[in-house]
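Report on the following structure.
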Amino acid sequence: MAISWNKNLETGIQIVDSQHKALVDKLNQFFEACMQKKGKDELMSMIRFLENYVVFHFKTEEDIMQRHKFSGYTLHKTMHDEFIKEFLKIKDRFEKEGATLELVNSTTKFLTNWLIEHISKIDKQLSGLK
Ligand SMILES: [Fe+2]
């Protein structure tokens, strides 16, 4: 299972779109590594990379919203914060349980659904901000 990039995910803000594409690539690499049953060290280092990248990317979006005094800022930031909380729980489970089939499946589903839903409905609201 992989996330495929499509035009519906574009916000029109170049930096946001290029970070989203990079994030999708990194997530797909992580899903692939899970499927190939890569070792814990490799998976954990990918998870840590994703965590850092997500934090960095959310900050980029939040800075743009703040610069434009965007009215949806607080709600959007809350969604980012909630996601990071969920992501940290997933990271913790991988650390403790290892990449069990159940964990890999639920994680893949959650990350894919959240990202597509968030980009196509929430990030799209940023279209027009530069
Ligand atoms: Fe966002």
Side-chain angles (χ1 to χ4, degrees):
M1 189 170 156
I3 305 173
S4 54
W5 186 262
N6 67 78
K7 281 252 167 211
N8 287 335
L9 299 175
E10 274 171 23
T11 64
I13 305 170
Q14 209 186 353
I15 188 164
V16 172
D17 288 338
S18 66
Q19 289 180 3
H20 281 159
K21 282 181 193 162
L23 186 57
V24 164
D25 282 347
K26 289 289 167 192
L27 273 174
N28 285 335
Q29 284 169 24
F30 172 65
F31 298 156
E32 184 62 32
C34 287
M35 288 303 142
Q36 291 173 353
K37 302 200 186 313
K38 296 281 186 192
K40 191 173 177 179
D41 287 352
E42 194 171 333
L43 294 180
M44 286 312 296
S45 95
M46 292 179 104
I47 290 174
R48 276 191 296 273
F49 179 90
L50 281 168
E51 178 192 348
N52 290 332
Y53 195 80
V54 163
V55 168
F56 158 76
H57 165 65
F58 285 173
K59 182 87 173 68
T60 302
E61 288 185 355
E62 289 159 13
D63 285 348
I64 293 171
M65 287 189 271
Q66 283 194 306
R67 254 201 333 267
H68 288 82
K69 303 193 182 348
F70 180 66
S71 61
Y73 170 79
T74 308
L75 185 61
H76 197 145
K77 184 170 188 322
T78 304
M79 289 175 177
H80 287 170
D81 293 346
E82 291 294 324
F83 176 84
I84 289 168
K85 258 191 239 163
E86 287 306 313
F87 192 87
L88 290 176
K89 281 188 211 162
I90 289 170
K91 179 185 167 186
D92 201 49
R93 286 191 63 191
F94 269 87
E95 183 82 67
K96 290 191 178 117
E97 301 165 27
T100 64
L101 190 59
E102 190 276 319
L103 182 57
V104 168
N105 285 342
S106 62
T107 299
T108 308
K109 220 176 279 170
F110 170 72
L111 295 178
T112 302
N113 291 342
W114 192 91
L115 199 72
I116 288 174
E117 187 83 0
H118 183 79
I119 294 177
S120 63
K121 298 210 172 118
I122 306 299
D123 291 342
K124 279 261 193 174
Q125 297 169 2
L126 304 185
S127 297
L129 308 183
K130 293 284 169 199

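Numbering of ligands and ligand atoms starts at 1, following listing order. Heavy atoms only: backbone and side chains are in, while hydrogens, waters and symmetry mates are out.
- Between Leu43 and Ala99, the shortest heavy-atom distance links the atoms CD1-CB, 3.6 Å.
- What you find for Ile64 and His68 is that their closest heavy atoms are O-ND1, 3.0 Å.
- Summary: OD1 is the N/O/S atom of Asp123 found nearest to the Fe ion (ligand 1).
- Among the candidates Gln66, Lys77, His20, Gln19, the single residue satisfying the side chain to side chain donor-acceptor pair (under 3.5 Å) test with Glu61 is His20.
- Geometrically, Lys26 does not engage Tyr53 in a cation-pi contact defined by less than 6.0 Å to the ring centre and at most 45° from the axis.
- Vertex the Fe ion (ligand 1), arms ending at NE2 of His76 and NE2 of His118: the angle is 90° after rounding to 10 degrees.
- Taking the Fe ion (ligand 1) as the apex, the angle formed with NE2 of His80 and OE1 of Glu61 is 90°, to the nearest 10 degrees.
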